[in-house]
Amino acid sequence: MLPFKLIYHPGYDLNLGTHVFPSQKYRLIQEALLRDGLAQAGDFLTPAPAQDEDMLRVHSLEWVHKLKSGHLSIQELMRLEIPWSREMVDAVWLATGGSILAGQRALEDGFAANLAGGLHHACPDHGEGFCAVHDVAVAIRRLQADEAIRKAIIVDTDVHHGNGTATIFGGDPDIFTLSIHQENNYPFPKPPSDIDIHLPDGTSDEDYLTILERKLIEALHEFSPDLLFYIGGADPYREDQLGGLSLTMEGLERRDRLVFEHARRLGIPVAITPAGGYARRTEDTVRIHVNTILAAREIAGHTGRKSA
Ligand SMILES: [Zn+2]
C-alpha cells in the first residue's frame, strides 16, 4: 500500500478521440500503477463531482451555465481548443471533485495525488488551452471556505505558464503562485504570478533544477503555506510536441523529488495534479506522471511515515 491516497475516476477521460491532448492518459496512469504493482486497488479513492456551489467560488455563473448547457460561442470553443461534450463537462467536474479530495487527503496524510486536473489555463469567465475549469483554484477556495487552510502555494511546473492561476489569485495575499515555464510558448500574454521563471527555449535539466530550487526555497521561506498544490506537467520533456524545453525523464523525476523534499522538510502537505503532457509517445507521458507518484512515495517514505 502507498502511504497516501490516489484519486481516480473512470469518468476522467474527456473523450477527445485523436486530439493532441491524450485524455485517455488518466486511465493509462491508473492501469500502469496497478499493472506494475506500484499501487493496489485499496490505494485509490473515487471522487464525487464538484458541486456547482464550489465551482462558483471561482467561476462566473454565466460560464458555469454555458458549460453545463453547451451554449458556447464559436469564439469560446476556439479559445478552449477542445470540443464541447457532455462527457467533457462531466470529466472536468469529476476532476475538480478529485482535486478537492486530494487537498483534503493531503492535509490528513501529508501527500495525495489526483490522477486528473491541473487545469491551470481556465479563468473565472472562460476556458482556454484545453482547460474548461480551474480545478486547483476551486479546491483551494473550498478548503478555505471549510477553514481547513488559510494560505496555499501553487507550484506549477507545466511547460506552459499558469495564466489562469495568475488571473484568479493575482492580488490575493493568502495564495502564492509560482510558475516555471518556457517563455516563448503559449499563453500570450502571461499575467504575473508571484514568482515567474521564464525559461529560454531548450533549457536542460541542470539549469532548470538550479533555478527551480533557488526560487522554490525563496517562496517557501517567504510564505509559510498550509498546503502546496503541485501542478506537475509532463510537457517540459524534451520529446513533447507542445513544449520546447529539453528535460530528460530523469530530470523530471528530480524536479518532482526536489519540490516534494523541500515541502516535506518544512512540514507542508502536498496535493498533486498532473496537468499537461503531449509526448510523441503517450507511454512516455504516462511514465512521467507515474514517476511523479513514485517520487512522492519515496519522499513520504523517507520521513518516517508508515507504509504498510
Ligand atoms: Zn502544458
Side-chain angles (χ1 to χ4, degrees), residues 12-14 16 19-26 28-29 78-82 88 91-92 95-96 99 113-123 126-137 154-168 177-191 193 195-205 208 212 229-249 251-253 255-256 259 272-292:
Y12 278 174
D13 192 334
L14 286 79
L16 301 180
H19 199 276
V20 68
F21 176 15
S23 71
Q24 74 278 20
K25 77 176 180 179
Y26 307 126
L28 297 175
I29 296 166
M78 284 175 65
R79 205 168 187 190
L80 187 55
E81 296 188 82
I82 51 173
M88 184 276 283
V92 299
T96 304
S99 290
N114 187 12
L115 299 194
L119 304 172
H120 61 159
H121 299 308
C123 289
H126 71 272
E128 61 174 87
F130 316 152
C131 302
V133 295
H134 200 308
D135 59 296
V136 170
I154 298 170
V155 176
D156 185 345
T157 62
D158 190 279
V159 79
H160 305 102
H161 174 260
N163 58 329
T165 314
T167 300
I168 292 165
T177 55
L178 184 158
S179 179
I180 179 168
H181 49 264
Q182 183 188 5
E183 180 168 27
N184 183 28
N185 200 334
Y186 171 90
F188 301 102
K190 296 173 178 59
S193 314
I195 292 181
D196 276 312
I197 307 170
H198 301 295
L199 297 172
D201 298 357
T203 298
S204 56
D205 291 348
Y208 183 101
L212 174 61
F229 249 103
Y230 185 53
I231 298 182
D235 48 13
Y237 182 44
R238 62 184 177 185
E239 295 292 328
D240 198 89
Q241 299 173 90
L242 300 185
L245 300 183
S246 295
L247 271 71
T248 64
M249 212 169 276
L252 289 160
E253 276 186 79
R255 170 199 71 171
D256 297 338
V259 173
I272 299 164
T273 59
Y278 317 94
R280 284 173 188 81
R281 295 157 21 113
T282 297
E283 57 261 45
D284 286 352
T285 295
V286 170
R287 176 53 50 193
I288 292 164
H289 291 311
V290 166
N291 286 345
T292 302

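Whatever order the structure lists ligands and atoms in, that order sets their numbers, starting from 1.
No hydrogens or angles considered: a donor-acceptor pair under 3.5 Å links the side chains of His181 and His198. Between the side chains of Tyr208 and Ser246, no donor-acceptor pair is found at a separation under 3.5 Å.
His160 contributes a side-chain N or O that, together with a main-chain N or O of Leu242, makes up a donor-acceptor pair within less than 3.5 Å.
In this structure, Phe21 and Tyr278 have perpendicular ring planes: the angle between them is above 60°, well past the 30° mark.
The minimum distance between the Zn ion (ligand 1) and any N, O or S atom of Asp158 involves atom OD1. Nearest to the Zn ion (ligand 1), among the N, O or S atoms that Asp235 has, is OD2. Restricting His160 to its N/O/S atoms, the shortest distance to the Zn ion (ligand 1) is reached by ND1.
The distance from the Zn ion (ligand 1) to the nearest N/O/S atom of His120 is not under 2.8 Å.
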